[in-house]
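Input: a single structure, listed below in C-alpha cells.
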Amino acid sequence: MVEPIILKKTLKAYFGYDSFRDGQEETITAALKGQDTLVLLPTGTGKSICYQLTGYLLEGTVVIVSPLLSLMQDQVEQLQLLKEKRVAALNSLLDYSEKEFIIRHLNEYKFLFLSPEMLQNERILAALKQLKISLFTIDEAHCISQWGMDFRPDYLELGKIRAVLGNPLTMALTATANRQVKEDILACLKLDPLQTTQIVHSVDRKNIALVTITCDKDKKEQLLKQVKKLKKPGIIYFSSKKMADDMADFLRKSLAIRVASYHSDLETADRILLQQQFIYDEIDVICATNAFGMGINKKNIRFVIHYHMPASVEAYLQEIGRCGRDGKPSVAILLYEPGDGYIQVRLQENDLPTEAMLEHVYRKNIVLEGSCSVSQQRLLENYLASKIPLAQAKQQLRARVIRKEEQLRYMITYAETKECKRRVLLHYFEEKLNKTVENCCSNCGIDEEIYEIDEKNLENRAFSSVDSWEKILQEMFSLETFKRQD
DNA sequence: CGATAAGCCGATAACGGCTTATCGGTGCTTTATT
C-alpha cells in the first residue's frame, strides 16, 4: 500500500503539481493495489497523469495503446519536456533501423506507445512477451466500441493481445462511455467486470451551455449569424469534407476572420501546422470533419457548433467537450433540421456488410475485391477467417446495425427534445441532474450575451491594435515556419 | 437529406434544362525496386 503522502511527493517531483485533480489519486491507488481499472474522467482532467504516475511507482515498462500517431507524438513530447528520456512511440513514422533499435532495447524504456494495429505484428508481440510490462494502458478506450466494430477491427483484438502478454495490470481510460460502451470495453479487453475497479466521474461539463437551433432551410444564415457574434476561437463540425471547405471560404469572405478547414484530405504537415496555428490563436475558427479534435489540448475554445450532427451522443459529447477546458462559459450549438439524421444513416450504410453479402461470401468462401466498401470487405474477411457460423455472424451483424440505429435515434431525441437538454444528455449516461445549472440549455434558457463578443471592450478582436512586439514576432515566426513547410 | 454528376431530350447544331443516379466520415499499416 502506497501512502497518499508518497503519491503527492511523486506528483510534485515528476509533474510539478501540488495536488491531484478529481479521480486521479483514486485511479492510481487502485492500480498500485494491483487492480485493473476502467477510468471515466471528463475531458481535460489529466488522464495521462494516471498511467504516468502509476508507471513511475512500478517496476517495468508502461505500454500505452493509442489511436492516433499525433496523439503518441504529443505524449512522447510532453514526457520529454518533463525530462523523461525513456519514452518512445513504436509506429510507422520510424524507419526500419529506428524500429529495430527500439525493439532490441525495449526494457530500457519506461513508456512505450503503440497502435492496436502494431500489436498485430508478430515480431513486436514476441518482443513484448519478453518484456516486464508494469501497466497495459488503453488511452481513449471508447475507440474500442466506436471504431472496433467496423473501422479499425484490430481494436477488438486487444483482449487476445492482453492474454498473450500474460494479462498484465490494465488501465482503460476514456472521457465518454455509457453503460454499453463500458461493457464493450470490458468485454473486448477480457476484463472481469467484478474484478475491475471502475472510477467513474460525471461526464457533465457545467460551463458548457447546450443550445439547439432548429433550422428551416436557413442553416447557412444561422451559422453566419452565430459565428459573427460568438466569442472565438471555435470549432464547426460538418459531415462532409467539401462542405467544411466551402463554408470555411464563405465565412472567411463574409466575416474577415481567420478560418481554416481541416479533414483527412490534408497532408500530415498541413494538419500539424493548422493545429499549431489554432493552438497559438492564429486561427479563429476551424471548419472540420470528425477528423479534428482528438488530442487537441486547447484550453480557451469558446464554442463548438455542429452544422451536421454526429452519429451518437458519445461522439457529440466528445466533440463539444473540446470547448471550455479553462472552465469559462462556453457554448455548444447544434444546428438541427428535421431529417438530418438521414445523412448519418447513409454514411454508415457502407460500414457494415448486409446479410446478403454475408451469405454470398460464406457460400463462395471468398471475398471479391471491389464488390463492397473497404470496411465491409475487411469485416467479411474477418468473419470468414474466424470460422464463426453463419447464423451467429448474421446475428452479430444484426445486433450491430440495431445498436447504431439506437445511437442515432437517441441523438435525434436530444436534438428534438423540449425538456432540459442537459438532463436528456446525462440520462444517456445514466446520470441524474441533481441541481439546476446556470446557463444550462436552450430549453431552460440562457443568457446569450455572455458568449458573445463584447463590442465596447473590443475584447476578442481578430487583430488587436495593442499587439505586443512579442506577439508580432511570434506571428512573423510562424509565417516563416509556414514557408519552410511549403 | 442535399449537393453534384451523369444522362437524356429536342432537333438541320450546340447546349440549356430536365430527370435520375450517386455519394457523403473517421487511421493504422506497408521492407523493397527505379
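Residue numbers start from 1 in every chain, and the chains themselves are labelled A, B, ... in the order their sequence lines are given, proteins ahead of strands.
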OH-CG distance between A:Y428 and A:L317, expressed to the nearest 0.5 angstrom
10.5 Å
Assign A:E337 to base, sugar-phosphate, or nothing according to its heavy-atom contacts below 4.0 angstrom with the strands shown.
sugar-phosphate
Flag the pair A:D326 and A:R302 as a salt bridge only when some basic side-chain nitrogen lies within less than 4.0 angstrom of an acidic carboxylate oxygen.
yes
Short side-chain N/O contact to B:dA3 OP1/OP2 from A:K219, under 4.0 Å:
no
Among residues 143-162 of chain A, which ones have heavy-atom contacts with DNA chain B below 4.0 Å?
A:W147, A:F151, A:R152
Relative to the ring of A:F278, is the ring of A:F292 parallel (under 30°), tilted (30 to 60°) or perpendicular (over 60°)?
perpendicular
Taking B:dG25, B:dT29, B:dT30 as options, the one with an atom nearest any side-chain atom of A:N121 is B:dT30
Distance, C1' atom - from B:dA6 to B:dT29, rounded to whole angstrom
36 Å
Whole angstrom value for the distance that separates P of B:dG2 from CG of A:L335:
14 Å
Think A:K99 has a side-chain N or O under 4.0 angstrom from the OP1 or OP2 of B:dT31?
no
Any chance the rings of A:H105 and A:Y109 have centres within less than 6.0 Å?
no
Going by purine N1 to pyrimidine N3 plus the second Watson-Crick contact, or the G-U wobble pair, all under 3.5 Å, which nucleotide sits opposite B:dT29?
none
Of A:R403, A:R179, A:Q146, which is the lone residue that meets side-chain hydrogen bond (donor to acceptor under 3.5 Å, both in side chains) with A:D184?
A:R403
Checking B:dT30, B:dG27, B:dG24 against the side chain of A:A291 (C-beta onward), the nearest is B:dG27
Flag the pair A:Y414 / A:Y316 as yes when their ring centroid distance falls below 6.0 Å, and as no otherwise.
yes
Salt-bridge contact A:R252-A:D249 (side-chain N to carboxylate O under 4.0 Å)
yes
Kindly say if A:R378 contacts the phosphate of B:dT29, meaning a side-chain N or O under 4.0 Å from OP1 or OP2.
no
For a quick check under 3.5 Å, do A:H142 and A:E314 share a side-chain donor-acceptor pair by atom type?
no
Between A:S442 and A:K421, is any side-chain donor less than 3.5 angstrom from a side-chain acceptor?
no
Does a donor on one side chain and an acceptor on the other come within less than 3.5 Å for A:S97 and A:E100?
no
Please report the distance separating the C1' of B:dC9 from the corresponding atom of B:dA14, rounded so that it comes out in whole Å.
13 Å
In whole angstrom, what separates A:D340's CG from B:dC1's P?
11 Å
Report the distance from atom NE2 of A:H263 to atom C1' of B:dG27, rounded to the nearest whole Å.
16 Å
Ranking A:E349 and A:K217 by the position along DNA chain B of their nearest nucleotide, the one closer to 5' is A:K217
P gap between B:dG25 and B:dA5, integer Å
14 Å
Tell me: CG of A:D95 to C1' of B:dT29, nearest whole Å?
16 Å
Base paired to B:dG2 (Watson-Crick or G-U; both N/O distances under 3.5 angstrom)
B:dC23
Return the nucleotide paired to B:dG16: Watson-Crick means purine N1 to pyrimidine N3 with N6-O4 or O6-N4, wobble means G-U with N1-O2 and O6-N3, both under 3.5 Å.
B:dC9
Choosing from B:dT29, B:dG25, B:dG24, which nucleotide comes nearest the side chain of A:R346?
B:dG24
Here the residues of residues 236-251 of chain A within 4.0 Å heavy-atom distance, strictly under, of DNA chain B are A:S239, A:S240, A:K241, A:K242
Starting from P on B:dA32, measure out to OH on A:Y96 and report it in whole angstrom.
10 Å
Rounding to a whole Å, what distance do you find between A:L69:CG and B:dT26:P?
16 Å
If you compare all heavy atoms of A:L408 against all heavy atoms of A:P310, which two are closest, and at what distance to 0.1 Å?
CD1-O, 4.3 Å
On DNA chain B, compare the nucleotides closest to A:S375 and A:I124; which residue's is nearer the 5' end?
A:S375
Ignoring hydrogens and angles, does a donor from either the side chain of A:D351 or the base of B:dG25 sit under 3.5 Å from an acceptor on the other?
yes
From CD of A:E117 over to P of B:dT26, roughly how many Å is that when rounded to an integer?
17 Å
Atom pair distance, as rounded to whole Å: CE in A:M294 and P in B:dG25
17 Å
